[in-house]
Amino acid sequence: MPKIADIPNHVAIIMDGNGRWAARRGLSRLAGHRAGTDNIHRVIECFAEHEVKYLTLFAFSTENWSRPRREVKWLLRILEEMLSKETRKLHEKGIKLLHLGRLDRLPPRLKQAIRDAIELTKDNTQMTVNIAFDYGGRAEIVDAFKRILRDGIPPESVNEALFSSYLYTADLPDPDLIIRTGGEMRMSNFLLWQAAYSEYYSTPTFWPDFGGEEIEGALVTYAQRERRFGRLRPKAKKG
Ligand code: IPE
Ligand code: IPE
Ligand code: MG
């Protein structure tokens, strides 16, 4: 594996295209989600090898509840299966698991599986993997706003740092690179606040086919980008 200069600290992925991947093969959308879920472990491993410290995976949006009941149930079920199959393996690799989004609408067993995975892996330091499930950027901002009001924070104390500390991502750095598979050029309510200065990379590859070579391609592209953060010249790179 070639060593790439300037690896992003935090990569976030919109894992899209499971349905179209399946349709191309004459399979059901559910089979597409199964193939997509099976791809997750290999992608995590690959980013871990590249020494990416934070990886966020968008698995289910607040809007995805509007899909047919059967598909929603299936998506809930395969996340639970994935957690029971993969958590221990990820733990052994020193990976810390976190959840971004709402837990209150998830079935009790899934909620428990998420809590158990977070508890088991909480002291790991090799890499942090955030599963965004029942996640919506707007819902996150509204939730933060409500908690700020509930805590009685005076308006003059509200600033960007304080607001960030009320988001689901409170202890996480902003994503440096957002990758979207499946070819769409939109954010679909993902990390709206945190993506202010993220680099964006969209590939037509459907999520179940997204693997090592493409990951390398995305990282090389990222390394060539000039991040200016509003200045005239790129900000000095760390390291
Ligand atoms: C991504 O694949 C998975 C989820 C959004 C849950 P899709 O199911 O959106 O696949 P396409 O976009 O229909 O191909
Ligand atoms: C975004 O994909 C959400 C996830 C990948 C979980 P969608 O398939 O839901 O996005 P739209 O509807 O095409 O914008
Ligand atoms: Mg989609």
Side-chain angles (χ1 to χ4, degrees), residues 10-44 47 54-83 85-86 97-107 110-111 113-114 117 129-143 167-169 172 175 177-195 198-211 214-215 218:
H10 183 177
V11 176
I13 310 183
I14 303 172
M15 307 187 291
D16 196 22
N18 294 346
R20 283 163 285 163
W21 179 93
R24 288 266 171 96
R25 287 164 177 75
L27 300 170
S28 71
R29 293 184 56 83
L30 306 193
H33 293 312
R34 162 75 68 210
T37 307
D38 289 344
N39 190 36
I40 289 179
H41 192 93
R42 140 176 118 124
V43 170
I44 294 176
F47 279 103
Y54 297 88
L55 182 67
T56 298
L57 302 171
F58 197 12
F60 190 89
S61 74
T62 46
E63 289 71 35
N64 288 146
W65 293 106
S66 332
R67 293 191 179 193
R69 238 173 83 91
R70 200 167 105 89
E71 181 167 341
V72 169
K73 272 179 87 172
W74 180 255
L75 287 164
L76 297 170
R77 197 172 116 193
I78 54 177
L79 174 64
E80 197 181 317
E81 269 178 38
M82 189 200 87
L83 288 172
K85 234 175 53 194
E86 304 290 344
L97 283 172
L98 291 175
H99 167 254
L100 305 181
R102 289 180 60 172
L103 276 179
D104 59 299
R105 299 190 286 196
L106 304 182
L110 176 56
K111 226 184 321 196
I114 293 172
V129 173
N130 308 298
I131 310 284
F133 200 98
D134 199 8
Y135 173 87
R138 287 185 172 179
E140 178 181 34
I141 289 169
V142 170
D143 280 356
L167 295 171
Y168 306 140
T169 51
L172 303 170
L177 172 65
I178 296 181
I179 297 174
R180 182 167 187 143
T181 61
E184 311 295 355
M185 300 286 180
R186 54 177 172 257
M187 292 296 283
S188 303
N189 203 10
F190 189 44
L191 299 177
L192 298 181
W193 171 279
Q194 299 86 340
S198 304
E199 294 295 322
Y200 191 68
Y201 180 91
S202 175
T203 166
T205 304
F206 298 131
W207 172 253
D209 290 331
F210 184 73
E214 285 239 28
I215 290 171

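Everything numeric here is computed off the predicted structure, so don't read it as measured data. Remember, it's 1-based here, ligands and their atoms both numbered in the order they're listed.
- Taking the centre of each ring, F60 and Y135 stay at or above the 6.0 Å mark.
- Between the side chains of E214 and T203, at least one donor N or O sits under 3.5 Å from an acceptor N or O.
- At least one side-chain heavy atom of I179 sits under 4.5 Å from a side-chain heavy atom of L177.
- In this structure the side chain of S188 reaches within 4.5 angstrom of the side chain of R180, judged on heavy atoms.
- In this structure E81 satisfies the side chain to side chain contact (heavy atoms under 4.5 Å, CB included) test together with R34, R77, I78, sequence neighbours excluded.
- Applying the side chain to side chain contact (heavy atoms under 4.5 Å, CB included) rule to N130 yields the partners H10, T56, L98, L100, T128, L172; only residues at least two apart in sequence or on another chain are considered.
- Looking at L57 and F133, their side chains never come closer than 4.5 Å, going by heavy atoms from C-beta outward.
- Every atom of ligand 1 is numbered from 1 in the order shown, and the set under 4.0 Å from a heavy atom of H33 is 3 (C), 8 (O).
- Excluding water, every protein N/O/S atom under 2.8 Å from the Mg ion (ligand 3) is given here by residue and atom: D16 OD1.
- For the atom pair I13 CD1 and T181 OG1, the distance stands at 8.0 Å (nearest 0.5 Å).
- Just one residue in the list W207, W74, W21 forms a side chain to side chain contact (heavy atoms under 4.5 Å, CB included) with H33, and that residue is W74.
- Put simply, CG on L79 and CD1 on I114 are 5.5 Å apart, with the number rounded to the nearest 0.5 Å.
- Checking only distances, W21 never comes within under 3.5 Å of ligand 1, N or O to N or O.
- Near ligand 2, I14, M15, D16, F58, A59, F60, N64, R67, R180, R186, S188 each place a heavy atom less than 4.0 angstrom from the ligand.
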